[in-house]
Colleague: 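Can you keep this structure in mind? I'll have questions shortly.
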Amino acid sequence: MQVKIIGAGLAGCEAALWLADRGVQVELYEQKPAKYSPAHKSAGFAELICSNSLKAERPDSASGLLKIEMKMMGSHLLDAAETARVAAGGALAVDRDVFSTAVTEMVENHPNITVRREEVTALDESAPVLVASGPLTEGALAQAVAALTGDHRLSFYDAVAPIVTAESLDYDKVFAASRYGRGEADYLNCPFNKEEYEAFHAALIAAERAPLHDFDGDLTVYEGCMPIEVMAARGADTIRFGPLRPVGLRDPRTGHRPWAAVQLRAENTARTLYNLVGFQTNLKWGEQKRVFSMIPGLEHAEFVRYGVMHRNTFLESPKVLTKQQFLKEHPNVFFAGQITGFEGYMESAASGLLAAHQMLARLKGRELPPPPAATMCGALLDYITTPNKDFQPMGANMGILPRTEEINIIRDKRERYMALSQAAQDAMQAWVKEYEA
Ligand code: FAD
């Protein structure tokens with residue numbers, strides 16, 4: 001049993017490891033280090049290109065539920081994340097280098113995986129192949145995908161946030177705390193008073209943005225990665241109710257809640273680097289330095305990475321993809337990850353696991369039903385394959401899970417979400433059991 005996988009990202013590595021564990025010979029193609037997308041910077045696998053957060057872990061949260069389902073399906077990336085964890089108050093955040101190294105070692109040391117460090121430029125349909133080349137797929141491979149799917153509308157834009165050094169922060173202003181005292185004061189908070197906030201907001205919306213190259217369609221921005229300056233331009237208080245919301249924080253200098261606050265999250269286990277939470281941006285680098293230095297505590301901040309904006313490519317999955325994640329017209333060509341419309345790091349990895357299940361079934365001459373719609377994975381698969389003329393990628397969220405009357409009558413939101421989560425876990429457990437049998 002043999003398959004090819006294109007892309008050693010989140011989806012490709014999950015799929016490769018899962019299949020290899022079950023005796024499948026995997027040829028895993030990765031274009032790095034010969035070629036990098038504008039957002040990928042390291043030669044390692046499963047590179048996290050923006051935030052280092054893998055989101056919430058609580059079982060009554062959508063992201064927490066997704067992780068539970070992934071564990072049931074046999075995720076390796078969650079094991080790697082565990083070894084790379086950094087404190088993040090109820091969320092799973094990782095040191096991106098430790099995480100990537102752990103995944104790379106698992107993949108490279110697996111006897112059933114052959115890594116080929118080369119760019120794939122064509123799709124060979126003679127045997128099952130998994131395209132997991134991510135949201136920055138471009139060039140010959142993008143053209144090959146477009147030729148198979150008839151989809152020539154592949155360009156969208158997302159943005160990433162800057163990173164500063166811990167030692168360059170002003171600790172007379174910045175204070176450590178998690179909202180509502182949850183966790184171990186995992187975030188550093190930069191508190192604004194009203195005047196400081198207003199001056200910052202005015203500078204942010206007037207700052208010069210970088211031109212967008214190699215783009216020939218309408219600018220479409222993924223809401224979850226919206227540039228801070230675009231969000232700020234929506235209204236004087238939009239960011240104060242968004243990433244800069246001060247709720248649950250108390251400034252030890254004043255004893256009061258600040259007017260607004262920027263949160264900084266540790267980038268690495270050593271906590272020497274911090275990213276500006278929610279500060280994905282497309283401002284010119286000089287402008288980032290000027291405007292973000294107006295944030296209290298960041299007056300002398302050293303920026304080790306500036307924010308940038310990049311393309312986001314995905315299939316028109318409702319038209320072209322089956323729930324088994326292969327192309328309706330080209331059954332040997334499977335897809336996984338963000339390119340299918342599963343939005344987010346963990347969603348992409350989950351999509352790799354799902355595709356791997358289907359590929360193994362195919363190799364054994366079977367076809368699996370997808371996990372039930374009551375599971376987060378099943379609901380996401382439903383979402384990306386349901387006709388939708390304005391199709392956009394979707395991340396895990398409780399809103400896409402189907403509700404029974406029994407669940408609807410639960411008034412407390414936490415309890416309702418817990419009930420949804422429990423139903424999903426039961427359904428996934430049954431699906432996994434049936435498949436393993
Ligand atoms: P990737 O992780 O990108 O992996 C694809 C791999 O394929 C790469 O290693 C690439 O080098 C390789 N490859 C590509 N083409 C070829 C080829 N022709 N031949 C061989 N190899 C190839 N999600 C979040 O949850 N949080 C975020 O903060 C976040 N920020 C994002 C920021 C940006 C700019 C973008 C574009 C997306 C972001 N996402 C974020 C969404 C998404 O979850 C990630 O992009 C995620 O990495 C997708 O996983 P993947 O496995 O599909 O692709």
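All ligand and atom numbering here is 1-based and tracks the order in the structure. Numbering starts at 1 and runs along the sequence shown.
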Colleague: Would Arg362 count as a cation-pi partner of Phe326, with NZ or CZ less than 6.0 Å from the six-membered ring centre and within 45° of the ring normal?
Modeller: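 Yes, Arg362 and Phe326 form such a contact.
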Colleague: Which option out of Ala140, Pro135, Gly9 puts a heavy atom nearest to atom 45 (O) of ligand 1?
Modeller: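 Going through Ala140, Pro135, Gly9 one by one, Pro135 has the nearest heavy atom to atom 45 (O) of ligand 1.
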Colleague: May I ask whether Glu118 has any heavy atom positioned less than 4.0 angstrom from an atom of ligand 1?
Modeller: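 Flag set, Glu118 near ligand 1.
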Colleague: Output the distance between atom OG (Ser421) and atom CG (Asp426), rounded to the nearest 0.5 Å.
Modeller: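 Output value for this atom pair is 9.0 Å.
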Colleague: Can you find an N or O of Ser53 that's nearer than 3.5 Å to an N or O of ligand 1?
Modeller: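 No, there is no polar N/O contact under 3.5 Å.
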Colleague: Which residue pairs pass the side-chain hydrogen bond (donor to acceptor under 3.5 Å, both in side chains) test with at least one member in residues 344-358, sequence neighbours excluded?
Modeller: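 Applying side-chain hydrogen bond (donor to acceptor under 3.5 Å, both in side chains) to every pair that reaches into residues 344-358, excluding sequence neighbours, yields Gln325-Ser351.
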Colleague: Between ligand 1 and Lys35, is the shortest N or O to N or O distance under 3.5 Å?
Modeller: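 No: no nitrogen or oxygen of Lys35 is under 3.5 Å from one in ligand 1.
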Colleague: If we only consider heavy atoms of Thr137, is any one of them less than 4.0 Å away from an atom in ligand 1?
Modeller: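 No heavy atom of Thr137 comes that close to ligand 1.
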Colleague: So between Cys50, Pro393, Ala34, whose heavy atom ends up nearest atom 32 (C) of ligand 1?
Modeller: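 Checking each option, the heavy atom nearest atom 32 (C) of ligand 1 is found in Cys50.
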Colleague: Counting heavy atoms only, name the option from Ser351, Ser348, Ser133, Gly395 that's nearest to atom 49 (O) of ligand 1.
Modeller: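 Minimum heavy-atom distance to atom 49 (O) of ligand 1 goes to Ser348.
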Colleague: Has Ala132 got any heavy atom lying under 4.0 angstrom from an atom of ligand 1?
Modeller: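 The answer is yes, since Ala132 has a heavy atom less than 4.0 Å from ligand 1.
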Colleague: Given Phe335, Tyr345, Phe314, identify the one with the heavy atom nearest to atom 46 (C) of ligand 1.
Modeller: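 Looking at heavy atoms only, the winner is Tyr345.
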Colleague: Find out whether Tyr383 and Asn388 are in side-chain contact, i.e. whether some heavy atom of one side chain is under 4.5 Å from a heavy atom of the other.
Modeller: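 Side chain of Tyr383 against side chain of Asn388, heavy atoms only: contact under 4.5 Å found.
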Colleague: Given Gln31, Met346, Glu343, Glu30, which has its nearest heavy atom closest to atom 17 (C) of ligand 1?
Modeller: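 The residue whose heavy atom sits nearest atom 17 (C) of ligand 1 is Gln31.
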Colleague: Could you tell me whether Gly337 and ligand 1 have an N or O pair separated by under 3.5 Å?
Modeller: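 In this structure, Gly337 places no N or O atom under 3.5 Å from an N or O of ligand 1.
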Colleague: Would you say Ser37 contacts ligand 1, with heavy atoms under 4.0 Å as the rule?
Modeller: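 Contact check Ser37 vs ligand 1: negative.
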Colleague: Below 4.0 Å, non-hydrogen atoms only: which portion of Leu10 touches ligand 1? Side chain, backbone, both or neither.
Modeller: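 Both backbone and side chain.
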Colleague: If you measure only the distance, is there a donor-acceptor pair under 3.5 Å linking the side chains of His76 and Asp21?
Modeller: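 Looking only at side-chain atoms, Asp21 and His76 do form a donor-acceptor pair, the distance falling under 3.5 Å.
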